[in-house]
> 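Here you go, one structure.
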Amino acid sequence: MKKRIYHASEVAKGGEKARKTVFCETDATSCAVWVVRAGQEVAAHAHTKSDDVWVCLQGEGMFYLDKDDASATEKTADALLKNKEQAKFKSERPAKYRQISVKKGDVIISAKGECHGMKNTGKEDFIFISVIAPLPADYVALG
């Protein structure tokens, strides 16, 4: 029988950098648990063909999103790649990005083409589940 129930605490693994552990994948969806230790970050990025939903299980941090909060339908892969050249992203100097506080219990929806990333600003590990669909998902680094 195919495994259908997972316990985040059993698959979550931390490391010297923010760590993503994929624990389930179907033809259409990928599920991963992320462990972001204090001071670590998930770099600002986007997916041009997939949505990414984060369910925050533990901790607190600052979530990165587009400064202008443009809709995903206004963005294309070309526009995202061009923006990469313009936005020299540093978490200490987020000129091209807005930051909003996120914490345990929050659910964050990033539609295709929308910037997302985060920095753990708390003292404990920030742990979240990421669900990406549809697959295959691409990755456009924004900084």
Side-chain angles (χ1 to χ4, degrees), residues 1-91 93-122 125-143:
M1 173 183 261
K2 185 166 103 176
K3 186 167 182 166
R4 295 182 57 199
I5 299 174
Y6 298 85
H7 298 280
S9 63
E10 294 174 3
V11 293
K13 296 176 177 74
E16 291 189 26
K17 293 183 179 182
R19 187 165 179 187
K20 172 184 173 181
T21 303
V22 176
F23 62 88
C24 176
E25 213 166 69
T26 69
D27 292 342
T29 306
S30 177
C31 302
V33 62
W34 281 84
V35 177
V36 186
R37 294 197 165 140
Q40 293 179 341
E41 93 181 315
V42 175
H45 65 283
H47 310 284
T48 62
K49 300 174 184 169
S50 305
D51 298 336
D52 195 354
V53 177
W54 293 6
V55 180
C56 304
L57 303 177
Q58 176 182 303
E60 60 186 57
M62 296 304 288
F63 182 78
Y64 308 137
L65 63 157
D66 294 323
K67 189 170 185 110
D68 62 359
D69 207 21
S71 106
T73 57
E74 297 172 31
K75 296 189 174 186
T76 64
D78 289 339
L80 285 168
L81 291 172
K82 286 178 188 172
N83 189 39
K84 176 184 175 189
E85 298 304 318
Q86 298 168 10
K88 304 284 189 213
F89 179 77
K90 299 283 184 198
S91 60
R93 188 182 51 85
K96 295 287 181 181
Y97 302 94
R98 285 191 303 132
Q99 296 183 18
I100 57 171
S101 179
V102 291
K103 62 186 179 318
K104 174 184 175 177
D106 289 343
V107 177
I108 305 165
I109 316 294
S110 296
K112 64 182 177 181
E114 290 183 328
C115 166
H116 56 290
M118 66 87 54
K119 181 170 185 171
N120 181 343
T121 57
D125 291 348
F126 187 91
I127 300 175
F128 67 93
I129 301 290
S130 167
V131 179
I132 297 179
L135 296 180
D138 62 353
Y139 178 91
V140 178
L142 299 177

> Scan V11, V131, V22, V53 and name whichever one has a side-chain contact (heavy atoms from CB on, under 4.5 Å) with C31.
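Exactly one candidate clears the test, V131.
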
> Do the side chains of K119 and Y64 get nearer than 4.5 Å, heavy atoms only?
yes

> Has Q58 got a side-chain atom pairing as donor or acceptor with D125's backbone, closer than 3.5 angstrom?
yes

> Looking at residues at least two apart in the chain, or sitting in another chain, which of them share a side chain to side chain contact (heavy atoms under 4.5 Å, CB included) with S130?
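For S130, the residues satisfying side chain to side chain contact (heavy atoms under 4.5 Å, CB included) (neighbours in sequence not counted) are W34, D52, W54, F128, I132.
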
> Of all the heavy-atom pairs spanning A38 and G122, show the shortest one and how long it is.
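So the minimum-distance heavy-atom pair works out to CB-O, 3.3 Å.
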
> Compare all side-chain heavy atoms of H45 with those of H116 and state whether any distance is below 4.5 angstrom.
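Yes. Closest side-chain heavy atoms under 4.5 Å.
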
> On a heavy-atom basis, which atom in V42 and which in A18 lie closest, and how many Å separate them?
CG2-CB, 4.2 Å

> Hey, does the side chain of S50 reach the backbone of P134 with a donor-acceptor pair shorter than 3.5 angstrom?
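Between the backbone of P134 and the side chain of S50 there is a qualifying donor-acceptor contact (under 3.5 Å).
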
> Minimum heavy-atom separation for V35 and Q40, please, with both atom names.
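Minimum heavy-atom contact is O-OE1, 4.0 Å.
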
> To check you understand the geometry: which heavy-atom pair defines the closest contact between D106 and K103, and what is its length?
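Distance-wise, the nearest heavy atoms are OD2-N, 2.8 Å.
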
> To the nearest 0.5 angstrom, please state how far the CD atom of E114 sits from the CG atom of L65.
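So the CD of E114 and the CG of L65 are separated by 8.5 Å.
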
> Taking side chain as C-beta onward, heavy atoms only, is S110 less than 4.5 Å from F63?
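With C-beta onward as the side chain, the pair touches.
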
> Using 0.5 Å steps for rounding, measure from the NZ atom of K13 to the CD1 atom of I127.
12.0 Å

> Where is the tightest heavy-atom contact between C115 and D66, given as atom of each residue plus distance?
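Reported closest heavy-atom pair: CB-OD1, 2.9 Å.
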
> Scan for side chain to side chain donor-acceptor pair (under 3.5 Å) pairs involving residues 14-29, sequence neighbours excluded, and state none if there are none.
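Applying side chain to side chain donor-acceptor pair (under 3.5 Å) to every pair that reaches into residues 14-29, excluding sequence neighbours, yields E25-S30.
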
> Give me the atom names and distance for the closest heavy-atom approach of K112 to K49.
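Heavy atoms only, the tightest pair is CB-C, 4.0 Å.
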
> With rounding to the nearest 0.5 Å, note down the distance linking CD in E60 to CG in N120.
7.5 Å

> Could you go step by step and tell me if Y139 and H47 meet the side chain to side chain contact (heavy atoms under 4.5 Å, CB included) rule?
CA-CA 5 Å; Y139 178 91; H47 310 284; 4.2 Å; yes

> Can you tell me how far apart CG (D51) and CD1 (I109) are? Round to the nearest 0.5 Å.
8.5 Å

